[in-house]
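Below: one structure, written as structure tokens.
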Amino acid sequence: MKSERLIFKNTLILGVGKGLGDIATFLFLIYFSRSYGQDALGQYAFAMATGGLLSIFVSLGLNTYTIREISKDKHCGPEYVGQLFVLRSICALFGWGLIWLITLAMASGAETRQILLIIGAYHFLQKLIGIFSAGFMAHEEMFRPALLSIVERLIILCAGSAGIYFSFPPAVTLAAYPASAAIVLVATITLFRIRYGWPVFRFNYRFIKTAVRAASPFLVIIILAQFYDRAGLIILTALQGEAVTGIYSAGDRLLATINGFSAVFATALFPSVSRLSEEKGEDLERLCTWAMRMAFIVFFPMAVFIFITSDQIILLAFGDEFAASAAMLRIACWTLVLFGFNRILSILMIAYYKQGQLVRIRMALYIAYFLLSMGLVWQFSYLGLAWAKIIIEIGILLTTFYCALKLCPAVATIKRFIWPTVICLVPTISLVLTGYKVWLVIVVFVALFSVTGFFYSAIQINDFKLLKEWLAKQLGQDASDEGSGLTR
């Protein structure tokens, strides 16, 4: 249970930080979209997508490398962080200059170009913060990056809302993003200096060359992930315009916020999976089985709830102007479950040094996504993009499942969820399509999910003991481990 408790604790800390931060950003986007409309939200989404793609050449995959190296030798933290910060700063300047050249070649209006420059600066400042956050995580001090993330998002919410209140143009309002990142960067450097000493700010060519070469596999994975996340929006904007991209982005931002929690869970899970992969014992199989069940228990009901209440969610969050986004949400909500499983399978492959195989799988499927997106967006507009993502995520699940099954037989636990899924979805979707009241559909689903989950061992009582024991420990009580092991 020790590994599961540590994962739960780290997930909780990172999850609270990300959750509160994402809620603050989501509230700001609701206010922003209601005040400026579809076109402004489309400009924002396009700038985020473009800036995110270019920022990978500032990241260089060095966060994972930094965490790994500092974890082995805690005293090298200031040297690694300082020198890699200098490298990223140089890359950030070149990257922002490239964005400036792109704006000169764009045929869009001045406001779109301004927003792209502003959001681009935000992305690059984020990468500078990230190298210090990696230093904190290497020391397993998760609460510091979590706290800084909350502070940054709250600054965006407050400063951005003030800009909207005083009727500033969208570009001026969005300047809250780079301003908040600059403030948090100064705070991050200060905290790092207090905790570990001054970073060694210098450019050592030999060190930089070694670090970049060692981090190159992680860079490829990041490039593929960024391409997957951003390319669809760029295609949608190019083929259908900014207003349609704004409609798609309303539901997409909501799902991105929720999907962030599966990333947090995977981040907390990765160190334990890596450690146990060396032992190749029953502990790893037990941990993987538990992780799969947690993904199913959390994300499947969440996806169904969004499917049932999509109209109400969009109306409440964005208003009548974005009502068309509900149709996209009913399709894309199922990516919550697929993302949850795919992230667990991916970290298992990386723990077994199969990142090369993972890169080849992702590269093939992301190229297919690019081609599929162009065809479906041309034919079905923003709904086509949602279908393209669903199809590719299913492809990723099938291929990574096949590869991970050879490494850890416990991933076969996914098969256990097939019948509960079918039994729950058939009547639930039928009731939604026939127009039954939302509360009745939710009650029917909860009843079916509870019964089938326990019957097919997708849900187990011992899963809930983890929360009870962790809370008891925090309260200073003596929580016994006897009889609380996770069943396989």
Side-chain angles (χ1 to χ4, degrees), residues 26 247-248 250-262 265 291-318 322-344 376 380 382-398 401 412-461 463-464:
F26 188 62
I247 292 174
Y248 178 89
D252 184 59
R253 289 303 88 200
L254 171 65
L255 294 177
T257 300
I258 300 173
N259 272 322
F261 289 100
S262 64
F265 180 67
M292 293 293 181
R293 286 205 310 271
M294 290 299 100
F296 180 73
I297 291 171
V298 173
F299 294 110
F300 179 63
M302 199 175 293
V304 173
F305 178 79
I306 292 174
F307 177 83
I308 296 171
T309 62
S310 56
D311 290 315
Q312 291 80 4
I313 290 173
I314 294 298
L315 181 63
L316 177 64
F318 295 98
F322 292 87
S325 184
M328 169 269 175
L329 199 59
R330 282 191 289 271
I331 298 170
C333 64
W334 306 112
T335 59
L336 295 176
V337 186
L338 298 171
F339 280 165
F341 287 139
N342 288 340
R343 282 180 168 133
I344 295 172
L376 292 180
F380 302 106
Y382 63 97
L383 296 182
L385 184 58
W387 278 115
K389 186 156 285 192
I390 286 286
I391 293 169
I392 295 303
E393 283 299 322
I394 292 174
I396 293 173
L397 177 62
L398 294 176
F401 172 78
T413 302
I414 291 180
K415 296 179 180 178
R416 191 184 298 173
F417 309 137
I418 295 176
W419 279 113
T421 300
V422 173
I423 294 172
C424 290
L425 285 187
V426 171
T428 300
I429 294 176
S430 300
L431 291 173
V432 171
L433 295 179
T434 50
Y436 278 84
K437 293 184 178 180
V438 169
W439 67 265
L440 178 61
V441 181
I442 293 176
V443 169
V444 170
F445 169 75
V446 170
L448 289 172
F449 181 71
S450 301
V451 173
T452 57
F454 281 107
F455 182 80
Y456 288 97
S457 299
I459 305 174
Q460 297 186 8
I461 294 296
D463 293 333
F464 301 99

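Atoms considered below: every heavy atom in the structure, side chains included; atoms not considered: hydrogens, waters and symmetry mates.
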Separation between CD1 (I314) and CD1 (I306), nearest 0.5 Å, reads 9.5 Å
To the nearest 0.5 angstrom, please state how far the SG atom of C424 sits from the CH2 atom of W419. 12.5 Å
Contact check, side chains of I247 and M328, non-hydrogen atoms, under 4.5 Å: no
With sequence neighbours excluded, tell me which residues meet side-chain contact (heavy atoms from CB on, under 4.5 Å) with A250. F318, F322, S325
Sub-4.5 Å side-chain heavy-atom contact between L376 and L385: no
With a 4.5 Å heavy-atom cut-off, do L431 and L440 have their side chains touching? no
Any idea which heavy atoms bring A291 and I344 closest together, and the distance? O-CD1, 3.4 Å
Hits for side-chain hydrogen bond (donor to acceptor under 3.5 Å, both in side chains) against T421, two or more places apart or cross-chain, chain-then-number order -> none
What's the spacing between I331 CD1 and L383 CG if we round to 0.5 Å? 4.5 Å
In Å and rounded to the nearest 0.5 Å, what is the CZ to CZ distance from F299 to F341? 10.0 Å
Nearest-0.5 Å distance, CD1 of residue I423 to CD1 of residue I418: 11.5 Å
Let me have the donor-acceptor pairs involving side chains of residues 388-398, under 3.5 Å, with sequence neighbours excluded, atom names and distances please.
| residue | atom | partner | partner atom | Å |
| --- | --- | --- | --- | --- |
| E393 | OE1 | N342 | ND2 | 2.6 |
| E393 | OE2 | Y228 | OH | 2.8 |

So how far is it from R343 CZ to N259 CG, rounded to the nearest 0.5 Å? 5.5 Å
Y382 side-chain N/O to A324 backbone N/O, donor-acceptor pair under 3.5 Å: yes
Would you list the pairs meeting side chain to side chain donor-acceptor pair (under 3.5 Å) in which at least one residue belongs to residues 432-449, sequence neighbours left out? none
A side-chain contact here means heavy atoms from C-beta on lying under 4.5 Å apart; do F455 and P420 qualify? no
For V298 against P301, the heavy-atom pair lying closest together: O-CD, 3.7 Å
Could you go step by step and tell me if F449 and F296 meet the ring-ring contact (aromatic ring centres under 6.0 Å, His included) rule? CA-CA 11 Å; F449 181 71; F296 180 73; 5.7 Å; yes
Looking only at heavy atoms, which two atoms of A303 and V337 are closest? And how far apart? CB-CG2, 4.0 Å
Nearest non-hydrogen partners of L329 and G251, listed with the distance: CD1-O, 3.8 Å
Under the ring pair (Phe, Tyr, Trp, His ring centres under 6.0 Å) test, residues paired with F339 that sit two or more places apart: none
Does W334 have any ring pair (Phe, Tyr, Trp, His ring centres under 6.0 Å) partners at least two apart in sequence or in another chain, and if so, which? F307
Partners of R330 by salt bridge (Lys or Arg N to Asp or Glu O under 4.0 Å), sequence neighbours excluded? D311
Enumerate the residue pairs fulfilling salt bridge (charged side-chain N to carboxylate O under 4.0 Å, His left out) with a member in residues 418-429, sequence neighbours excluded, ordered by first and then second residue. none
Residues in side-chain contact (heavy atoms from CB on, under 4.5 Å) with V438, at least two apart? I308, T309, Q312, I442
For F401, enumerate each residue passing the side-chain contact (heavy atoms from CB on, under 4.5 Å) test, keeping only those at least two apart in sequence or located in another chain. L345, L405, V411, I414, K415
